[in-house]
Chemist: 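First, the structure itself, so that you have it in front of you.
Predicted model only: the values in this text are computed from it and were never measured. Within every chain, numbering begins at 1; the chains are lettered A, B, ... in the order of the sequence lines, protein sequences first and strands thereafter.
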Protein chains: 2
Amino acid sequence: MNDQMNQALKTRAAPDERLPRYQQVRDDLVHRIAVGEWGPGDAIHTEAELSLAYGISTGTLRKAIDLLVAEGVLTRSQGKGTFVRRPRFDSSLFRFFRFKSRAGDDVLPTARIAGRTVEAPPAAIRDSLALTADALAIRLARWRLIDGKTVLAEDIWLPKDGFEPLLDLPFESFGDLLYPLYESLCKQVVATAMETLRVEQADRAIAKALDVSPNSPVIHVQRTAFNFAGRPLEWRSTKGAAAGFQYQIEIR
Amino acid sequence: MNDQMNQALKTRAAPDERLPRYQQVRDDLVHRIAVGEWGPGDAIHTEAELSLAYGISTGTLRKAIDLLVAEGVLTRSQGKGTFVRRPRFDSSLFRFFRFKSRAGDDVLPTARIAGRTVEAPPAAIRDSLALTADALAIRLARWRLIDGKTVLAEDIWLPKDGFEPLLDLPFESFGDLLYPLYESLCKQVVATAMETLRVEQADRAIAKALDVSPNSPVIHVQRTAFNFAGRPLEWRSTKGAAAGFQYQIEIR
DNA sequence: CAGTGGTCTAGACCACATG
DNA sequence: ATGTGGTCTAGACCACTGT
């Protein structure tokens, strides 16, 4: 184990003594995940080990882990262990869109990269990505298709710093899911995201891309994705015809 | 205390022995709320009393209450007690719509009842309300206004059985919020609801009511509301112009 | 079988609210 | 001062997983 790794392992989020112990432990576990001590899919230490190491009872440790499970950071499997959850919300648009194939069943659309440039991002996107004024970004145009028809049009911006390997990748090698690619090729792990949904009317470009009539309603989802440390990794805009759209929620 | 009440208090949900104790206790507490032993705003018994009565430790009882707090059924206040939560989601449309007054600040729209009939509900609504084939329903047409302009048009269906007092109420006495009225006048408490959101294009009637151009995008929220026992109490359709619409969500 | 998380106990003490 | 929920302990035993 090299010094750098050693340092990372020793690093601890400064515990706020005013907080309950289970909160301090929760914060420290998040920190250890953020610095990469455990990655997605890894098992963290056992409850017995952790409670001993932190000097707390198993009940208190379980409460700390309960919080992280509720937040979606960890998952527990009886008899197996506690694991860092791998968020797989490349399919999260299924919250909003129901796509049917010609055969009638729900399908995940395939993806095609239609363009790739390096640009200075507009101010709004630069702010969302927390970039400095002179930083560059990678911009991807991406289409999502079902049965060869474009159902979603995406405009994606990534910090050039951290995603440079994408610049050398042939379009055909991107595959249908970007987040596994970010992880394997760029060592960037998406942990959470914020999405904002609006309804717009199709302009000429979108109407043509989606093959709908101009001014017909279009769903516009803007997503900003973050890693475990809270750094913004991706700004994404997705547009699709409102006709196939449905969203359901329970209220209390 | 009369016999009927006595009976209600003695009633217990048949505990499923295969479930953990904290689940059985959770189920029983829900049942006691559903039969009216405690209503919205009431304090339930203290942790000490309940753990003694159920013959479980405080830790197990707390886990049962934790579940109900997470579900939004109860709220806890340190030093005061644990209370049945009063859901106040007549304002839930703020999840979807942002209304601005002429002055520019967020406002809750006022309400006006525009019509009231007793009808046999269409099959879809009858099913949603779990009514028998020959049951009648009360139908309300309701407008939500800001600065005198209609921003939402609502179509509301209620089981006639349970909501008859509404038939004698003058339109002006309905007020801006329906759920408090259901509770005070009809003794019907809304506990949860399911909402489904779609985007449509305005037909002539809606376009005129909302003062938008025909075929412009319209948000359609369909809500079914339930009491604590899970009985559907209300079927509601709300339509508003998509222009003022925005929805935000965090994903993990 | 050994090891993991899941359930549960029988308390103790602390922090906050109210009279 | 009293009573409430909030935190925490130091275990025990159970249910499930994989060897």
Side-chain angles (χ1 to χ4, degrees), chain A residues 12-13 15-30 32-33 37-86, chain B residues 12-13 15-30 32-33 37-86:
Chain A
R12 289 291 176 268
D16 188 335
E17 298 293 346
R18 299 165 304 181
L19 261 40
R21 300 269 265 282
Y22 68 84
Q23 268 287 358
Q24 298 177 32
V25 171
R26 184 217 86 103
D27 293 347
D28 188 60
L29 289 172
V30 170
R32 292 169 77 171
I33 293 168
E37 180 173 345
W38 302 301
D42 289 354
I44 67 171
H45 297 165
T46 69
E47 296 184 350
E49 285 170 340
L50 287 172
S51 55
L52 187 65
Y54 284 114
I56 60 178
S57 73
T58 64
T60 303
L61 179 83
R62 280 188 67 82
K63 182 145 186 175
I65 292 181
D66 282 345
L67 288 176
L68 293 172
V69 169
E71 290 173 42
V73 176
L74 299 177
T75 55
R76 288 195 273 218
S77 304
Q78 181 171 155
K80 292 167 74 174
T82 303
F83 302 84
V84 179
R85 181 158 166 265
R86 178 187 306 276
Chain B
R12 289 289 175 270
D16 188 334
E17 298 296 346
R18 299 166 304 181
L19 263 39
R21 300 271 265 282
Y22 68 85
Q23 268 287 358
Q24 298 177 30
V25 170
R26 184 219 85 103
D27 292 347
D28 189 61
L29 290 172
V30 169
R32 293 167 76 171
I33 293 168
E37 180 173 346
W38 302 299
D42 290 353
I44 67 172
H45 297 165
T46 68
E47 295 184 351
E49 285 170 339
L50 287 172
S51 56
L52 189 65
Y54 283 114
I56 59 176
S57 74
T58 63
T60 304
L61 180 82
R62 280 187 67 82
K63 182 142 186 177
I65 292 181
D66 282 345
L67 289 177
L68 293 172
V69 169
E71 291 173 41
V73 175
L74 299 176
T75 56
R76 287 196 273 218
S77 304
Q78 179 171 158
K80 292 167 74 175
T82 302
F83 302 85
V84 179
R85 182 158 165 265
R86 179 186 305 277

Chemist: Is the backbone N or O of A:E37 less than 3.5 Å from a side-chain atom of A:R32, with the two atoms forming a donor-acceptor pair by type?
Modeler: no

Chemist: At a heavy-atom distance below 4.0 Å, which nucleotide of DNA chain D is the first touched by chain A, and which is the last?
Modeler: D:dT7 to D:dG18

Chemist: Could you state the interatomic distance from CG (A:D28) to CG (A:L50), rounded to the nearest 0.5 Å?
Modeler: 9.5 Å

Chemist: Select base, sugar-phosphate, or nothing to describe what A:R62 touches, counting heavy atoms under 4.0 Å on all strands.
Modeler: base

Chemist: Considering the options B:L74, B:V25, B:V73, which one meets the side chain to side chain contact (heavy atoms under 4.5 Å, CB included) requirement together with B:I65?
Modeler: B:L74

Chemist: Compare every heavy atom of B:V84 with every heavy atom of B:G39, then report the nearest pair and how far apart it is.
Modeler: O-CB, 3.3 Å

Chemist: Using a cut-off of 4.0 Å on non-hydrogen atoms, how would the nucleic acid contact of A:I56 be classed: base, sugar-phosphate, or nothing?
Modeler: sugar-phosphate

Chemist: Taking atom C1' of C:dC16 as reference, at what distance in whole Å does atom CD of B:E47 sit?
Modeler: 14 Å

Chemist: Pull out every residue in residues 73-83 of chain B that has a heavy atom closer than 4.0 Å to any atom of DNA chain C, ordered by number, or say none.
Modeler: B:Q78, B:G79, B:K80

Chemist: Identify, between A:L19 and B:T46, the residue whose nearest nucleotide on DNA chain D lies closer to the 5' end.
Modeler: B:T46

Chemist: Can you measure A:L68 atom CG to C:dG5 atom P for me and round it to whole angstrom units?
Modeler: 14 Å

Chemist: Judged by each residue's nearest nucleotide on DNA chain D, which is more toward the 5′ side, B:A48 or A:R21?
Modeler: B:A48

Chemist: If you apply the rule side chain to side chain contact (heavy atoms under 4.5 Å, CB included), what do you find for A:I33 with A:L68, and how did you get there?
Modeler: CA-CA 11 Å; A:I33 293 168; A:L68 293 172; 5.5 Å; no

Chemist: Distance-only, no hydrogens or angles: does the A:R85 side chain make a donor-acceptor pair with backbone N or O of A:G72 under 3.5 Å?
Modeler: yes

Chemist: Could you report the tightest heavy-atom contact between B:W38 and B:A43, atom names first, then the distance?
Modeler: CD1-O, 3.9 Å

Chemist: Of the non-hydrogen atoms in B:A64 and B:R26, which two are nearest, and what is the gap between them?
Modeler: CB-N, 3.9 Å

